[in-house]
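First the structure, in the form of structure tokens, and then the observations on it.
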Amino acid sequence: MKVTNKNQSQKTNRNNLPAWDLSCLYANVDDPQIGKDLSSYFLLNKKLAKKYKGKLETISAVEFYESLRLVEKTSILGSKLVVFAYLNMVTRMKDKQAVAFYQNIDEKMTEYAKPAIFYSLEINKLSSEKYKRLLQDKQISYYKPFLERIRRFKKHELSETQEAVFMDKSVTSGSAWKRLYDEHSAKLVYSVDGKQYNDAEISKLLQDKDPLVREKAGKELNRVSKENSDLFTFIYNMIVKDKSISDEYRQYKSPVSARNLDNQVDDAALKALVDAVRGQYQNIAGRFYKLKAKWLGVKKIQYWDRNAPLPFSSDKTYGWEESVKIVLDAYGSFSSTLQKIALPFFDAEHSWIDVPPRDGKRSGAFAMPLPAKFHPFLMLNFVGKQNDVLTLAHELGHGCHMRLAIKQGELNEDTPMILAEVASVFAEMITFQSLLSKLDDDKAKLCLIASKVNDMINTSLRQIAFHCFETRIHQERKKGELSSEQIEEIWLEEMQTSLGKYVVVDDNSRYIWPIVSHFFHSPFYVYAYSFADCLVNSLYQVYQEQGVEDFADKYLQMLSQTGVKKYDVLLKPFGLNAKDPEFWNKGLSLISSYIDELEKLDKKVFK
């Protein structure tokens, strides 16, 4: 199969913006090393089974350590293959050959991993005495975080035969539906004033200063979503049902339980977060959107105007080099070490970032981790808006976090989602504060703070509204397949409750729920954003108070340990206790204080 990977032969495109260079993984999809690595991956898994299957309870510490090293080597090779196939695809979702290449790799990896299924099962069958003895070995104790993570899921594991069936079926069940969602979403075409846009580009129009452009874009998003609602509804029903089947076999008591166990967050802690955020809907969203409606000159704002720039805000756009300098300077003002960690992402010869929006490229932005011998990759859809600068800060924060955390080891590093968003949100905060510190004009300050509050509402309040939507959908799905109308009604109810009476939530936003890709890709991921935002807000207030000596060094140390220590332990050096109910209100109070400042600035600017 011949596929030309333009991203690897062409370092820049569209306005000369950097595109990532994947050659540190493979030269292209025809690289003969791919076939060799696939064979090696299969043979390593077979070797693991041949040497250790049925023997973990009786083997020596030396042999057990050797088995861990073999698993680690296999994991590194597997990451290299899967990440290359995925990154090769996401900038060219309309390229059938690139998509087929990814699917082929995914299927082979699933098949070739089957011999190793026994390993985690046998680790969980180890007697307490044997497990304790093994951990007394210094070399084995290094892998304790990895072993503890496996044993955390002990009571939810199935037999080896059942696990093999679930692994085989994943290719044609959950993974297949997600693939269909991605491929179909990438093919959607949106038209505004005779010009065609993809999903990434149409979303940018919602930040246009012209209210008519925003209205057309918002209605077009809704129209196209409506046209495709039957397919998206069917896909989502299948994904939710697939998860329900797995949860039932694994005996999870609720749809969110598996995610909570992975995040090491108990159900009570999540409930405390949800209750705290929902309790602040009116104080935060209600107050802010009342102000925004006034600034936009309307009694109520339309759903598509939630992220609209203020009509009196600057029309400034940011070039790529300018944006990089802003973010790196902000990082440097916080920590020169953090700045040094960030610099390699911008290497002119081997870019680690794919920057411009392109036809067929996946919408949004993300950071992709890789083993320490490689490096993370970032994907953006940069068009020069102020929000794009903060998105760069956000994804670069992820990338720096990944570089720090992977030093704990390929197997040990498995940062839970509630902590995976901390570095990114904190990076946004220091970049925002850096931009704010350079402003003297009250109107400019008002615009920047309003933009930040807008983002914080999206990150904290709106994500909890998404979580509540998901919770209701997964519960209702147990009664039977859901119609488009049922899903839409739940969507409208949760959006209206969270946004308040100054935002219009009606048929013009009824159908757009499928644009939230996390619903399809990672059920119950979304609350991690709110968790992280509230955590970072509390952390940033500690930083501002200057009560913790060497805060930046302690912060970077915390990031390096997110895969091996629980969040409550990591927060102790900062005097924070996430189990205290007031912890969440402390984080939310920062957003409320920004709205207090906006109300004061509003009176000064528009007196």
Can you find a heavy atom in the side chain of [X] that is under 4.5 Å from one in the side chain of [Y]?
X: E322; Y: K316; answer: yes
X: E215; Y: D305; answer: no
X: N387; Y: D455; answer: yes
X: M93; Y: Y102; answer: no
X: E220; Y: S191; answer: yes

Is a side-chain N or O of S75 found less than 3.5 angstrom from the main chain of V71, in a donor-acceptor match? no
Tell me if a side-chain donor or acceptor on Q486 pairs with a main-chain N or O of S483 at a distance below 3.5 Å. yes
Pairwise salt bridge (Lys or Arg N to Asp or Glu O under 4.0 Å) hits with a residue in residues 506-524, at least two apart: E488-R510, E489-R510, D507-R510
Do the ring centers of [X] and [Y] come within less than 6.0 Å of each other?
X: Y529; Y: H518; answer: yes
X: F166; Y: Y249; answer: yes
X: Y112; Y: Y41; answer: no

Would you say the side chains of D182 and H521 form a donor-acceptor pair under 3.5 Å? yes
Donor + acceptor pair across side chains of H401, S424 (<3.5 Å): no
With sequence neighbours excluded, tell me which residues meet side-chain hydrogen bond (donor to acceptor under 3.5 Å, both in side chains) with [X].
X: K187; answer: none
X: K204; answer: D388
X: D208; answer: none

Geometric cation-pi criterion [X] and [Y], 6.0 Å radius, 45° cone:
X: K452; Y: F432; result: yes
X: R306; Y: Y303; result: yes
X: K216; Y: Y190; result: no

Kindly compute the distance separating [atom1] ([X]) from [atom2] ([Y]), expressed to the nearest 0.5 Å.
X: L180; Y: L231; atom1: CG; atom2: CG; result: 5.5 Å
X: R472; Y: H467; atom1: CZ; atom2: NE2; result: 12.5 Å
X: D242; Y: S244; atom1: CG; atom2: OG; result: 9.5 Å

Could you walk me through whether F519 and F469 pass side-chain contact (heavy atoms from CB on, under 4.5 Å), step by step? CA-CA 10 Å; F519 295 158; F469 166 81; 3.4 Å; yes
Only distances under 3.5 Å count here; give the side-chain donor-acceptor pairs of residues 364-384 to other protein atoms, sequence neighbours excluded, each with its distance to 0.1 Å.
{"residue": "H375", "atom": "NE2", "partner": "W352", "partner atom": "NE1", "Å": "3.2"}
{"residue": "N381", "atom": "ND2", "partner": "R362", "partner atom": "O", "Å": "3.1"}
{"residue": "N381", "atom": "ND2", "partner": "G364", "partner atom": "O", "Å": "2.8"}

F101 vs I105, side-chain contact (heavy atoms from CB on, under 4.5 Å): CA-CA, chis, key distance, verdict: CA-CA 6 Å; F101 175 76; I105 293 294; 3.9 Å; yes
Give the intermediate values and the outcome of salt bridge (Lys or Arg N to Asp or Glu O under 4.0 Å) for residues K325 and E321. CA-CA 6 Å; K325 185 178 187 306; E321 296 298 332; over 6 Å; no
Taking NZ in K178 as the centre, count heavy atoms belonging to other residues, nucleotides or ligands within less than 6.0 Å. Is the count above 12? yes
With sequence neighbours left out, what residues match S225 under side-chain contact (heavy atoms from CB on, under 4.5 Å)? Y511, I512, I515
In sequence, state the C-alpha distance, the side-chain angles, and the governing distance for Y236 and W513, and then conclude on side-chain contact (heavy atoms from CB on, under 4.5 Å). CA-CA 11 Å; Y236 195 39; W513 62 269; 3.5 Å; yes
Heavy-atom closest pair, residues R149 and N412: NH1-O, 3.5 Å
Going through the distances and angles, do K96 and E183 end up as a salt bridge (Lys or Arg N to Asp or Glu O under 4.0 Å)? CA-CA 9 Å; K96 292 181 180 179; E183 289 184 30; over 6 Å; no
Would you please test W304 and N222 for side-chain contact (heavy atoms from CB on, under 4.5 Å) and show each step? CA-CA 10 Å; W304 55 73; N222 196 57; over 6 Å; no
